[in-house]
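Structure first, then comments.
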Amino acid sequence: MAVGYSRSISRKLTVMNMLVSAAALLLACAAFFAYDQITFRQSLVRTLSAQAQIIGANSISALIFNDPQSATNTLSALKSFPNIASAGIITSDQRPFAQYSRDAGDEVLNIPAPPDGRLEAYWFRATHLVLVHSIVFQGKTLGFVYLRADLHELDQRLKRYAAIAFVVLLLSLLAALIVSALFRRSVAEPIVQLAEVARAVSQDNNYSVRAAPTAAQDEIALLIDAFNNMLQQIQHRDNALQAAHDELEERVEERTRELVSSNRELEAFSYSVSHDLRGPLEVMNGFSYVLLKSYANQLDSSGKECLQSIRAAARRMSELIDDLLNLSRVTTSVMHREEIDLSSYARAIMEELCRTAPERNVEFVAPIEVKAYADARLVQIVMQNLLENAWKYTSHHDRARIEFGFEDKDGRMICFVKDDGSGFDPRSTDRLFQPFNRLHTSAEFPGNGIGLATVRRIIQRHGGEVWAEGAVEKGATFHFILEPNRGTEAGRPV
Ligand SMILES: Nc1ncnc2c1ncn2[C@@H]1O[C@H](COP(=O)(O)OP(=O)(O)OP(=O)(O)O)[C@@H](O)[C@H]1O
Ligand SMILES: [Mg+2]
């Protein structure tokens with residue numbers, strides 16, 4: 001590439017030099033030749049005119065005394081002018097009187113008289129110049145003398161000039177070549193080197209290279225200086241940027257480490273809190289049971305009701321603690337990806353749900369097979385929660401349709417669980433996945449509000465995404481992707 005550039009610029013310089021010298025030379029030659037042509041033609045006309053006048057003057061007596069021989073003798077003096085091809089004298093009534101021809105057999109020309117009022121006229125033909133001169137004696141036109149001169153001398157001059165121009169052109173092109181070779185060192189080479197450095201900079205992002213300075217104090221030296229300056233500035237900025245980037249990366253890593261460790265601490269803390277809460281709760285539950293069984297006869301009905309409420313609340317609290325423990329286990333357990341069939345999970349869960357309430361009229365649709373590469377145990381929890389929700393939130397309808405399926409979007413498999421149940425207000429979509437956030441009351445539908453939070457954590461651990469769509473009484477659809485987005489860390493099987 002660089003070689004190509006080097007050739008191109010020095011070749012351009014050479015071609016430019018040669019073109020300029022050739023153009024100047026050709027223009028000068030053309031101008032000179034045109035000038036020479038004009039002056040040569042003018043001097044030819046003048047010479048012929050003088051010769052015609054002399055012949056005319058010498059032929060007056062021959063015409064007066066009708067002596068063609070004497071006129072022919074006068075004409076034969078033209079032998080000493082080799083450029084005169086033929087000549088002749090014509091009487092005033094256009095009859096040939098005497099003639100001369102350099103080469104025998106040259107025909108007699110039919111020459112018109114000069115236009116009225118003019119003593120002389122001439123015409124340039126392709127190969128000849130013809131001049132006619134009136135022979136006047138005492139105001140009376142006795143006849144005309146014509147001379148025909150060859151123009152081949154003009155051609156020869158042209159050829160000579162062309163040959164000279166060609167030789168000079170060759171010499172000047174040679175000189176231009178030598179000059180460009182000399183100038184190449186001082187003009188082309190520094191530019192080629194500069195281009196080479198610029199290429200290295202843009203290709204390798206290497207800002208430490210510098211273009212070699214030249215000894216000359218010209219614009220190229222200025223350009224090289226400015227370029228090197230610019231490189232230095234970019235190098236400084238690049239270094240500063242790299243340093244800032246490294247520092248930022250280090251800080252991010254440090255923060256991530258801190259976050260991960262405090263997250264772990266928090267999870268461990270919530271796990272142990274939930275775990276430790278179970279002990280006193282079991283005691284409350286056990287003793288209230290004992291109280292109800294052994295001391296029932298000592299309590300009146302409202303006392304018994306209070307005890308029942310205490311037991312119900314303890315049970316509910318135990319459930320909540322179970323859910324919390326499950327949620328933290330989902331985050332901390334080791335993940336193991338393998339190939340699984342989501343459809344078979346969905347069918348098994350739906351069969352189980354149908355067994356719990358065989359009286360319900362629910363249509364379930366699912367493809368034969370939906371393969372995924374994920375953690376079997378965790379995905380089972382996702383499917384369980386989503387299908388249980390679909391089952392639960394369609395329970396107020398006489399008939400329901402629940403569908404599990406998938407679609408392909410840009411090479412990523414998007415699974416969905418869709419129902420036509422009570423749905424939800426789409427403005428609250430964000431709240432669905434937050435722990436203990438419920439869009440329905442416990443009176444409408446029982447639940448702890450932890451299911452979707454668990455689903456989201458599992459999907460996040462897989463590096464995927466989950467989102468919901470729905471409208472009140474128009475059903476709900478939960479979409480999820482288990483594969484991580486291409487190129488993300490989470491993409492590696494854990
Ligand atoms: N299929 C659905 N149709 C309508 N609303 C839904 C559906 N699934 C979830 N929701 C709404 O999202 C809320 C959160 O769901 P989530 O599964 O987390 O809790 P839950 O079902 O109430 O309790 P649980 O912890 O037992 O699952 C629900 O309370 C409900 O309002
Ligand atoms: Mg739920």
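Here the structure is a predicted model, which means the values were calculated and not measured. Remember, it's 1-based here, ligands and their atoms both numbered in the order they're listed.
Residue Gly470 places no heavy atom under 4.0 Å from ligand 1. Contact annotation: Gly421 has no heavy atom less than 4.0 Å from any atom of ligand 1. For the pair Arg431 and ligand 1, no heavy-atom separation below 4.0 Å is found.
In this structure, a donor-acceptor pair under 3.5 Å is present between the side chains of Ser208 and Asn206. No side-chain donor-acceptor contact under 3.5 Å links Arg257 and Ser261. Between the side chains of Gln232 and Arg237, no donor N or O sits under 3.5 Å from an acceptor N or O. Between Asn285 and Arg311, the side chains place a donor N or O and an acceptor N or O closer than 3.5 Å (distance only, hydrogens not considered). There is no side-chain donor-acceptor pair under 3.5 Å between Thr394 and Arg399. In summary, the side chains of Asp420 and His397 do not present any donor paired with an acceptor at a separation below 3.5 Å, with no hydrogens or angles considered. Side-chain contact, Gln242 with Asp246: a donor N or O sits under 3.5 Å from an acceptor N or O.
Atom 26 (O) of ligand 1 has its closest protein heavy atom at Asn448 N, 3.5 Å. Here the protein heavy atom with the shortest distance to atom 1 (N) of ligand 1 is Asp419 OD2, 2.9 Å. The protein heavy-atom contact nearest to atom 25 (O) of ligand 1 is Ile450 N, 2.8 Å. In this structure, atom 5 (N) of ligand 1 lies nearest to the protein heavy atom His440 CE1, 3.4 Å. For atom 19 (O) of ligand 1, the closest non-hydrogen atom on the protein side is Gly449 CA, 3.1 Å. With respect to atom 12 (O) of ligand 1, the closest heavy atom belonging to the protein is Leu432 CD2, 3.0 Å. The closest protein non-hydrogen atom to atom 22 (O) of ligand 1 is Arg438 NE, 2.6 Å. The protein heavy atom nearest to atom 8 (N) of ligand 1 is Asn389 ND2, 3.3 Å.
Close approach of ligand 1 to Leu452 is summarised as follows: ligand atoms under 4.0 Å from at least one heavy atom of the residue are 9 (C), 12 (O), 14 (C), 15 (O), 16 (P), 17 (O), 18 (O). Atoms of ligand 1 found under 4.0 Å from any heavy atom of Leu439, numbered from 1 in the order shown, are 29 (O), 31 (O). Residue Gly423 approaches ligand 1 through these ligand atoms, each under 4.0 Å from one of its heavy atoms: 4 (C), 5 (N). Atoms of ligand 1 found under 4.0 Å from any heavy atom of Asn437, numbered from 1 in the order shown, are 13 (C), 14 (C).
Using a 4.0 Å cut-off between heavy atoms, Lys392 contacts ligand 1 through its side chain alone, with no backbone atom that close.
In this structure, Arg456 is not positioned above the aromatic face of Trp467 in the sense of NZ or CZ being under 6.0 Å from the six-membered ring centre and within 45° of the axis.
Relative to atom 29 (O) of ligand 1, the option among Phe478, Phe433, Tyr393 with the closest non-hydrogen atom is Tyr393.
Residue-to-ligand polar distances place Gly451 within reach of ligand 1: an N/O pair is separated by less than 3.5 Å.
Among the backbone and side-chain atoms of Asn448, none of the N, O or S atoms lies under 2.8 Å from the Mg ion (ligand 2).
Under the 6.0 Å cut-off for aromatic ring centres, Phe364 and Phe404 do not qualify, their centroids lying 6.0 Å or more apart. Taking the six-membered ring wherever Trp is involved, the centroid distance between the rings of Phe445 and His396 falls below 6.0 Å.
Here Arg401 does not pair with Asp419 in a salt bridge; the nearest charged N to carboxylate O distance is not below 4.0 Å.
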Pair Asn229-Gln233, side chain to side chain donor-acceptor pair (under 3.5 Å): steps then yes or no: CA-CA 6 Å; Asn229 251 330; Gln233 281 181 27; 5.4 Å; no
